[in-house]
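See below for the structure under consideration.
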Amino acid sequence: MSLMLETLTAGLPELGLDLPAQTAQTLCAFGHAMVKQNEVMNLTGITDDKGVANLHLLDSLTVLSTADLSGKSLIDVGCGAGFPGVPLAIAAPDAKITLLDSLGKRMKWLEE
């Protein structure tokens with residue numbers, strides 16, 4: 001198990017969240033893809049596995065500990081590297097989440 005996945009899994013109960021293992025793995029796959037993309041495009045200063053899990057993934061998921069997004073639509077304005085929008089879309093697949101950023105190159109990467 002990767003440090004990112006370990007950190008994410010350990011932090012979920014603190015938020016009162018219980019996600020399927022596949023969802024946690026998908027979240028970490030996005031985290032790893034963001035770190036890799038960060039090598040060619042400045043997306044974030046946080047690139048270590050533990051930091052990505054805590055400061056990107058778990059921080060994004062805090063929304064789910066206070067709101068049920070099922071069937072809701074929301075927009076992540078200024079999504080940057082995709083936080084919190086992408087983790088929310090992964091963890092709450094019944095929500096319709098739109099990402100918006102002023103930089104086309106970021107949006108192109110997020111579409112991929």
Side-chain angles (χ1 to χ4, degrees):
M1 181 183 295
S2 76
L3 180 57
M4 188 182 300
L5 184 57
E6 278 182 41
T7 306
L8 174 65
T9 304
L12 289 171
E14 294 175 29
L15 298 177
L17 298 175
D18 182 27
L19 298 177
Q22 182 59 46
T23 301
Q25 290 170 355
T26 302
L27 286 162
C28 289
F30 175 70
H32 288 296
M34 184 272 307
V35 169
K36 182 155 181 59
Q37 184 65 24
N38 199 64
E39 294 172 5
V40 295
M41 175 190 303
N42 185 27
L43 295 171
T44 181
I46 302 163
T47 58
D48 64 288
D49 281 4
K50 192 170 187 171
V52 170
N54 281 319
L55 301 173
H56 287 314
L57 300 176
L58 288 167
D59 276 1
S60 296
L61 297 174
T62 59
V63 173
L64 297 178
S65 65
T66 61
D68 179 8
L69 299 183
S70 265
K72 305 264 177 26
S73 297
L74 61 106
I75 185 166
D76 179 0
V77 177
C79 64
F83 302 102
V86 173
L88 290 174
I90 292 168
D94 293 339
K96 180 182 180 221
I97 300 176
T98 302
L99 304 177
L100 179 65
D101 196 86
S102 63
L103 287 180
K105 66 182 181 178
R106 275 187 265 194
M107 293 306 301
K108 182 175 170 123
W109 173 73
L110 288 166
E111 287 174 4
E112 291 174 13

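Keep in mind that the numbers below use all heavy atoms, side chains included, and drop hydrogens, waters and symmetry copies. Start at 1 with the first residue, then count along the sequence.
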Taking atom CD1 of I90 and atom OG1 of T26, what is their separation to the nearest 0.5 Å?
-> 6.5 Å

Calculate, to the nearest 0.5 Å, the distance between atoms CG and CE belonging to N54 and M4 respectively.
-> 10.5 Å

Set of side-chain contact (heavy atoms from CB on, under 4.5 Å) partners for T98, sequence neighbours left out = I75

Heavy atoms only: give me the nearest C79-L99 pair and the separation to one decimal.
-> SG-CB, 3.8 Å

Closest non-hydrogen atom pair, C28 against L8 = SG-CD2, 3.8 Å

Are F30 and L43 grouped together when hydrophobic residues (ILVMFWY) are joined by side-chain heavy atoms under 4.5 angstrom apart?
-> yes

Is there a path of hydrophobic side-chain contacts, each under 4.5 Å between heavy atoms of I, L, V, M, F, W or Y residues, that connects M107 with M41?
-> yes

Supply the atom-to-atom distance K50 NZ to S2 OG, rounded to the nearest 0.5 angstrom.
-> 13.0 Å

Listed once per pair and sorted, the side-chain hydrogen bond (donor to acceptor under 3.5 Å, both in side chains) pairs that draw on residues 100-110, sequence neighbours left out | Q37-W109, D101-R106

Could you pull out all residues at least two apart from A89 that satisfy side-chain contact (heavy atoms from CB on, under 4.5 Å)?
-> I97

Does S73 have any side-chain contact (heavy atoms from CB on, under 4.5 Å) partners at least two apart in sequence or in another chain, and if so, which?
-> K96

Could you grab the distance from atom CG of L3 to atom CG of D48, nearest 0.5 Å is fine?
-> 8.0 Å

Give the cluster check for L110 versus L100: same hydrophobic cluster or not, with ILVMFWY residues linked at side-chain heavy-atom distances below 4.5 Å.
-> no

d(L27 CG, Q22 CD) to nearest 0.5 Å is 10.0 Å

Give the cluster check for L5 versus L17: same hydrophobic cluster or not, with ILVMFWY residues linked at side-chain heavy-atom distances below 4.5 Å.
-> no

Run the side-chain donor-acceptor check on residues 57-68: report pairs under 3.5 Å with partners two or more places apart or on a different chain.
unit_1 : atom_1 : unit_2 : atom_2 : d
S60    : OG     : H56    : O      : 2.6
T62    : OG1    : D59    : O      : 2.7
S65    : OG     : T62    : O      : 2.6
T66    : OG1    : V63    : O      : 3.1
D68    : OD1    : S70    : N      : 3.0

Rounded to the nearest 0.5 Å, the NE2 atom of H32 sits from the CG atom of D49 at a distance of 5.0 Å

Kindly write out the residues that satisfy side-chain contact (heavy atoms from CB on, under 4.5 Å) with E39, not counting sequence neighbours, or none if the list is empty.
-> K36

